[in-house]
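To keep things clear, I will list the structure first and then write my remarks on it.
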There are 2 protein chains.
Amino acid sequence: MEKKRNAFETNISAIKTMIEKDGFVPGDRIPSERELAERLSISRPSVREALRTLAYLGIIETRHGGGSFLLNRDDHTYIQIIAQFLVTGDSKFEDLAGTLRLLEQAAFVQLADVSILEEHVDSDAAFRETLIATIDNDLFERIWRQVNAFYQSFGQGELYTRAEREAFLKRS
Amino acid sequence: MEKKRNAFETNISAIKTMIEKDGFVPGDRIPSERELAERLSISRPSVREALRTLAYLGIIETRHGGGSFLLNRDDHTYIQIIAQFLVTGDSKFEDLAGTLRLLEQAAFVQLADVSILEEHVDSDAAFRETLIATIDNDLFERIWRQVNAFYQSFGQGELYTRAEREAFLKRS
DNA sequence: CGGCGGTCATTGGTCAGACCAATTACGCCT
DNA sequence: AGGCGTAATTGGTCTGACCAATGACCGCCG
């Protein structure tokens with residue numbers, strides 16, 4: 001009898017199973033919290049704890065007064081969660097700057113046409129922002145943005161000097 | 001004043017911030033639910049909804065009667081959890097592989113001596129692991145490790161073919 | 001004096017019920 | 001038939017209570 005597993009995960013599974021079994025498709029409204037509680041024979045707070053987690057993961061969306069709705073699977077929530085927990089408070093400042101340089105260097109290597117950077121050589125922020133945008137990789141951009149936001153929170157100024165930015169262009 | 005953010009995510013952030021601010025390290029016991037509720041001026045059910053989500057993601061662990069404890073980052077299971085719900089997220093899978101290639105390319109550009117990679121050319125995993133280790137940047141390595149864990153959870157095989165790994169070495 | 005066992009405070013787990021806020025559905029009036 | 005206001009539905013939050021598991025404290029006994 002090792003079924004004594006956490007009731008919480010059991011509840012999440014139960015709700016997930018019920019959603020699948022009833023054949024809900026993305027966009028559908030799932031039963032209300034009160035109805036779920038009754039059908040699963042658990043209290044509404046327990047239902048809510050499970051639903052909140054599902055909502056946080058982007059599985060469902062809740063609308064105050066409207067109900068809970070199944071979301072499409074390819075919403076980006078999971079990427080946000082990853083990015084949010086990747087960069088945490090104990091990241092060292094030197095690592096932040098170093099990581100930013102690495103990320104941007106990676107982007108630069110992939111860059112075919114350097115000319116689009118030339119007009120932004122005056123602005124550190126615009127230069128780097130443009131550089132990252134050329135990659136066209138959502139996850140990569142989110143990670144960079146998260147790291148950069150952390151870097152900015154340290155109140156530091158430009159990551160590169162103007163000379164360094166010009167060096168970028170010459171290395172094409 | 002667009003502070004109208006969801007209270008739930010605000011609560012998760014608040015708890016996460018408090019944990020970081022108070023300098024808790026993995027293994028530490030965090031304040032009790034009742035104390036958190038009081039310090040954050042929210043009710044215990046709201047605290048619980050946030051804590052359950054953190055527990056489900058593997059950020060913390062709760063022991064009935066004992067308290068809640070911070071887990072090691074390596075124990076964070078949210079990667080697997082999220083993947084469990086997103087098995088069909090093909091479009092974003094390309095982002096994962098692309099991000100990994102970008103990170104490793106950045107590491108390679110910084111690499112002075114390629115010879116240490118030669119002995120690992122037979123193993124995709126060892127090759128990439130060694131490559132990242134040369135960077136000596138904690139944050140960068142952590143980001144790579146998490147993205148790689150997510151990539152692995154999709155059950156994919158090697159990121160590079162053997163020919164691609166050998167091409168790395170030649171480009172020195 | 002020291003080890004042991006029991007008691008009790010602390011903490012998480014769960015529930016019932018209440019009230020508010022936002023949305024939606026319905027029916028009435030025009 | 002259409003528009004509008006009211007009521008029902010539904011999520012959001014809180015209070016309070018009780019149970020269950022853990023752990024610390026303290027007294028008892030060897």
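What you see is a predicted model; the values in this text were computed from it and never measured. Labels below follow one simple rule: chain letters A, B, ... track the order of the sequence lines, proteins then strands, and each chain is numbered from 1. Side-chain atoms are counted along with the backbone in the values below, which use heavy atoms only and exclude waters and symmetry mates.
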Whole-Å distance between [N] [atom2] and [X] [atom1]?
X: B/Glu61; N: C/dG13; atom1: CD; atom2: C1'; answer: 15 Å
X: B/Ile42; N: D/dT15; atom1: CD1; atom2: P; answer: 11 Å
X: A/Glu38; N: D/dT9; atom1: CD; atom2: C1'; answer: 15 Å

Report the residues that fulfil salt bridge (Lys or Arg N to Asp or Glu O under 4.0 Å) with A/Arg29, sequence neighbours left out, ordered by chain and then residue number.
none

Pairwise side-chain contact, B/Glu49 with A/Thr53, heavy-atom cut-off 4.5 Å (strictly under)
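B/Glu49 does not reach A/Thr53 side chain to side chain.
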
Residue pair B/Leu131 / B/Phe108, side-chain heavy-atom distance below 4.5 Å:
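Yes; the side chains approach each other to less than 4.5 Å.
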
With respect to the phosphate group of D/dT10, does any side-chain polar atom (N or O) of A/Ser68 fall under 4.0 Å of OP1 or OP2?
no

Can you see if the side chain of A/Ser46 gets near the phosphate of C/dC15 - specifically, an N or O under 4.0 Å from OP1 or OP2?
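For C/dC15, OP1 or OP2 has a side-chain N or O of A/Ser46 closer than 4.0 Å.
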
Using the closest heavy atom to pick a nucleotide of DNA chain C for each, name whichever of A/Gly66 or B/Glu35 lands nearer the 5' end.
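It is B/Glu35, whose closest nucleotide lies nearer the 5' terminus.
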
Polar atom pairs (N or O), protein with nucleotides 16-20 of chain D, under 3.5 Å:
| residue | atom | partner | partner atom | Å |
| --- | --- | --- | --- | --- |
| D/dA17 | N6 | B/Arg44 | NH2 | 3.4 |
| D/dA20 | N3 | B/His64 | NE2 | 2.9 |

Looking at every non-hydrogen atom in both residues, tell me the closest pair between B/Leu71 and B/Gly58 and how far apart they are.
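For B/Leu71 versus B/Gly58, the nearest heavy atoms are CD1-O, 3.3 Å.
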
Sequence neighbours excluded, which residues qualify as side-chain contact (heavy atoms from CB on, under 4.5 Å) partners of B/Glu141?
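B/Glu141 satisfies side-chain contact (heavy atoms from CB on, under 4.5 Å) with B/Ile132, B/Arg145 once adjacent residues are dropped.
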
When all nucleic acid strands are considered with a 4.0 Å heavy-atom cut-off, which category describes A/Arg48: base, sugar-phosphate, or nothing?
base

When you get a sec, tell me which of D/dG12, D/dT10, C/dT14 is the closest nucleotide to the side chain of A/Arg29?
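Of all the options, the side chain of A/Arg29 is nearest to D/dT10.
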
